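Presented below is the structure to which this report refers.
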Amino acid sequence: MTSTDVHKDVEDSGPSGYAAARLRLLQEGARSGPPRRSALSELTDDWLAGLFTAGSGQPRGVSLIAVGGYGRGELSPRSDLDLVLLHEGSDPTAVAALADRIWYPVWDLGLALDHSVRTPGEARKTAGEDLKVQLGLLDARHIAGDLGLTAGLRTAVLADWRNQAPKRLPELQELCAERAERQGELQYLLEPDLKEARGGLRDATALRAVAASWLADAPREGLDDARRRLLDVRDALHLTTGRATDRLALQEQDQVAAELGLLDADTLLRQVYEAARVISYASDVTWREVGRVLRSRSVRPRLRAMLGGGKPVPERSPLAEGVVEQDGEVVLARAARPDRDPVLPLRAAAAAAQAGLPLSLHAVRRMAAHARPLPTPWPAEAREQLVTLLGSGPSTVDVWEALEAEGLITQLLPDWERVRCRPQRNAVHIWTVDRHLIETAVRASEFTRRVHRPDLLLVAALLHDIGKGWPGDHSVAGEIIARDVAGRIGFDRDDVAVLAALVRHHLLLVDTATRRDLDDPATVRSVAEAVGSQGTLELLHALTEADALATGPAAWSSWRGSLVADLVKRVSAVLAGDAPEEPEAAAPTAEQERLAIEAVATGGPVLSLRAQTEPPVTAEDQPAGDPEPLGVELVIAVPDQPGVLPAVAGVLAVHRLTVRTAELRALDLPDGVEGSVLLLNWRVAAQYGSLPQAARLRADLVRALDGSLDIAGRLAERDAAYPRRRGVVAPPARVAVASAASRHATVIEVRAQDAPGLLYRIGQALEDAGVRMRSAHVSTLGANAVDAFYVTDAKGAPLASAEAASVARKLEETLRG
């Protein structure tokens with residue numbers, strides 16, 4: 001059906017014809033994007049114009065105006081109709097009747113309507129009081145009626161906006177900042193609001209308003225395309241959900257990607273992030289320019305009075321060779337020659353980051369257009385300037401983003417393209433891959449005083465996740481890329497080997513410390529063999545902490561830090577030539593010993609609950625400020641018997657306690673005390689409400705151990721009462737046998753989506769398999785549980801390979817069932 005046919009349907013059939021024509025237009029597969037939005041706007045214009053002119057007695061001096069997105073001719077499938085009925089005020093009764101004739105058919109079709117009836121004076125007054133109204137009127141477009149009335153309002157509103165710009169633009173900037181604080185940054189969110197988040201459609205509209213003020217203008221390159229892409233995604237979101245929504249929820253992303261003809265949801269998010277990054281960068285540059293212009297306007301009259309007239313010459317302060325500061329920005333010196341100085345981009349970036357100043361847009365674009373590529377390997381100065389840039393702390397981020405916006409980063413580091421704007425579908429991560437790498441460098445800059453080679457630490461921070469753009473294990477792929485990049489930027493063979501090892505093993509310390517038995521010599525020896533030297537261990541320790549801190553709040557705590565530090569101390573001793581001793585049971589604390597003796601004496605479980613806190617950690621690793629709650633430490637001593645782990649885990653699940661960390665081990669009792677006791681040291685938190693009393697927990701634990709408490713039934717009953725909500729489909733659980741992880745036990749590692757009762761199900765499955773639990777190491781990272789269980793056969797020996805594989809397979813089947 002042609003556009004003419006669609007419009008003819010409207011003319012022939014009135015409102016019902018509009019509804020049918022609108023539906024056909026939205027179902028046309030051949031037309032999408034700007035052409036469909038424009039066609040929908042034109043179709044709606046024709047229908048509303050027909051409503052405006054229908055009937056008799058149409059008043060004079062009245063016009064119907066589209067404002068906002070509809071005024072720009074950008075109607076998405078479920079967009080509001082933003083309309084103003086403008087009149088001269090001569091016949092209020094006739095205007096009210098006309099308004100009813102237009103508004104009611106719109107409501108009858110179920111279309112969202114934002115409407116007002118105003119005189120030009122009232123419209124200008126309201127715009128002067130309400131910034132959002134004024135922004136909408138900047139896009140006013142005539143639909144029907146008195147064209148001169150519409151044109152007069154447009155002219156007056158634009159004149160008001162330009163005259164009031166020095167006052168209104170700071171208000172608009174504050175409005176944008178408040179919205180960004182509430183909604184977050186579109187370029188990093190897994191479920192972004194396409195309109196309200198920073199870098200979204202509202203910011204693009206704000207940039208149009210700034211341009212209309214004639215006070216400043218946004219960098220235009222790529223801006224229209226970025227805005228178009230976000231509108232296309234919103235159109236697809238409206239069509240797939242059938243709702244007027246701007247939030248790109250996880251469960252909708254695959255359908256939206258398919259509607260747009262994209263490969264998958266990750267491709268969709270990457271396009272959204274790229275568009276948001278363009279708009280965010282344009283906003284930063286534009287608001288900086290607005291501030292500069294407003295400052296110069298306020299200062300210039302005073303300077304002219306002091307200097308006796310004339311235009312003041314801006315001061316230029318040298319920062320580095322070919323780089324100066326001017327008017328609060330870093331610009332190129334007049335004598336700078338990017339075409340003859342290939343190190344200039346890195347030198348300018350390092351100088352800007354060190355000074356805490358933004359790089360001028362003009363300077364970045366000039367360098368991007370004319371800078372010569374660096375030779376391979378890079379000269380020493382280029383490598384030093386990169387390290388200086390990476391070690392400049394938080395100011396590194398803005399400077400890096402300025403280089404990236406103009407393509408300079410991928411010119412310097414071609415491998416960067418694969419991680420640029422790459423989403424991370426993991427609740428623990430709060431950044432895209434590329435931003436996480438920069439954030440890790442920022443964190444690593446705080447630790448440069450505690451390592452002997454801060455340059456290697458900073459470059460390793462930049463590269464540690466570079467393999468995430470490739471298939472397979474990102475650490476393995478990253479090692480290969482790191483060798484190539486390190487050699488290209490001029491590190492010698494030994495340094496290249498260290499950087500490759502750091503990238504390959506950047507998860508080794510935290511994974512081992514939280515999921516392995518550190519008292520087992522095999523654990524410490526395997527880490528020492530992988531690390532190889534004291535210097536690499538020192539760097540890896542700092543990188544581990546920087547990586548975790550840059551990941552998100554769930555990835556690091558004093559508890560994890562203490563475990564990693566303990567592992568590093570043990571590995572350092574091995575590297576120094578001290579062989580790890582055979583495992584001996586750690587000496588129990590006085591409280592643990594008291595609980596163990598009481599458990600033997602009573603023949604049942606005893607426990608204690610104690611609130612835990614930890615102080616925030618400053619850059620100098622010193623506690624500062626008020627302590628932060630970590631949850632509650634639960635210590636349980638139980639006479640050794642079958643079924644302890646599932647019983648405890650089940651009771652905690654029944655009481656809606658979330659297990660954050662858990663350890664289980666056998667405890668040696670003092671001389672003269674006979675018996676064997678299992679000690680469980682767990683950190684728990686209430687899902688909601690208050691914690692149960694210790695006496696109630698103990699009573700239920702006694703019942704669970706003697707079989708009189710039906711844990712499985714209680715959990716099933718609760719699940720049935722609360723049906724599952726629609727949400728993200730988690731990847732299936734994986735269970736693996738960690739070969740050579742211990743000489744004394746078989747280590748079974750479980751990775752699964754955390755859920756109430758998960759640890760109970762794991763413990764029950766292991767119990768059913770007839771294995772004995774030597775120790776357990778449980779940790780929860782966001783929505784992911786990563787647990788390691790040291791098990792033996794009935795005689796206390798590691799499981800045979802076939803038996804271990806069978807146990808792992810059955811456990812995986814249980815968790816996937």
Side-chain angles (χ1 to χ4, degrees), residues 216-221 281-282 284-297 299-300 303-304 306-307 310-413 416 438 441 445 455 458 489-490:
D217 198 4
R220 292 187 175 274
E221 188 173 344
Y281 178 63
D284 290 342
V285 172
T286 300
W287 290 120
R288 200 160 65 232
E289 178 65 9
V290 168
R292 188 190 66 77
V293 171
L294 293 180
R295 284 194 306 272
S296 68
R297 285 189 173 190
V299 171
R300 194 172 295 154
L303 283 175
R304 282 178 178 166
M306 293 170 59
L307 299 173
K311 187 176 181 180
V313 177
E315 294 184 11
R316 297 168 68 88
S317 304
L319 292 176
E321 181 67 29
V323 184
V324 299
E325 175 192 351
Q326 177 182 306
D327 208 4
E329 291 185 325
V330 172
V331 302
L332 299 185
R334 294 187 180 92
R337 296 292 299 273
D339 56 328
R340 298 183 180 179
D341 186 358
V343 182
L344 183 60
L346 283 170
R347 191 186 308 122
Q354 285 285 297
L357 295 170
L359 266 174
S360 148
L361 174 65
H362 175 72
V364 179
R365 286 188 168 171
R366 186 181 166 199
M367 292 187 295
H370 301 292
R372 290 168 49 201
L374 285 163
T376 302
W378 289 7
E381 186 199 356
R383 187 172 66 256
E384 290 163 5
Q385 296 293 352
L386 174 65
V387 170
T388 301
L389 169 61
L390 296 176
S392 298
S395 59
T396 298
V397 175
D398 290 339
V399 174
W400 189 275
E401 288 182 347
L403 296 178
E404 191 171 49
E406 300 302 326
L408 275 166
I409 295 299
T410 48
Q411 286 183 30
L412 293 166
L413 301 169
W416 194 258
I438 298 303
S445 69
D455 57 335
L458 292 167
I489 65 179

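Note that the coordinates shown come from a computational prediction; the quantities given were computed from them, not determined experimentally.
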What pair of heavy atoms forms the shortest contact from [X] to [Y], and how long is it?
X	Y	answer
Pro342	Pro373	CB-O, 3.9 Å
Val399	Ala352	CG2-CB, 3.9 Å
Glu406	Ala368	O-CB, 3.6 Å
Pro345	Met367	CA-SD, 3.5 Å
Ala402	Tyr281	CA-CE1, 3.7 Å
Val331	Ala363	CA-CB, 4.1 Å

- request: Among residues two or more places apart or on two chains, list those pairs meeting side chain to side chain donor-acceptor pair (under 3.5 Å) that have a residue in residues 337-362.
  value: Arg337-Asp339, Asp341-Arg347, Arg347-Glu381, Gln354-Ser392

How many angstroms lie between [atom1] in [X] and [atom2] in [Y], if you round to the nearest 0.5 Å?
X	Y	atom1	atom2	result
Arg316	Arg334	CZ	CZ	4.0 Å
Glu404	Leu413	CD	CG	10.5 Å
Asp398	Leu403	CG	CG	11.0 Å
Leu357	Glu325	CG	CD	4.5 Å
Glu384	Ile489	CD	CD1	12.0 Å

State, with a plain yes or no, whether a side-chain heavy atom of [X] is found less than 4.5 Å away from one of [Y].
X	Y	value
Thr286	Pro219	yes
Leu374	Leu346	yes
Arg383	Leu386	no
Leu389	Leu458	no
Val343	Trp378	no

message: Counting only heavy atoms not in Glu321 (residues, nucleotides, ligands), do more than 12 fall under 6.0 Å from its CD?
response: no

Verdict with reasoning, Leu344 to Leu332, per side chain to side chain contact (heavy atoms under 4.5 Å, CB included): CA-CA 9 Å; Leu344 183 60; Leu332 299 185; 4.0 Å; yes

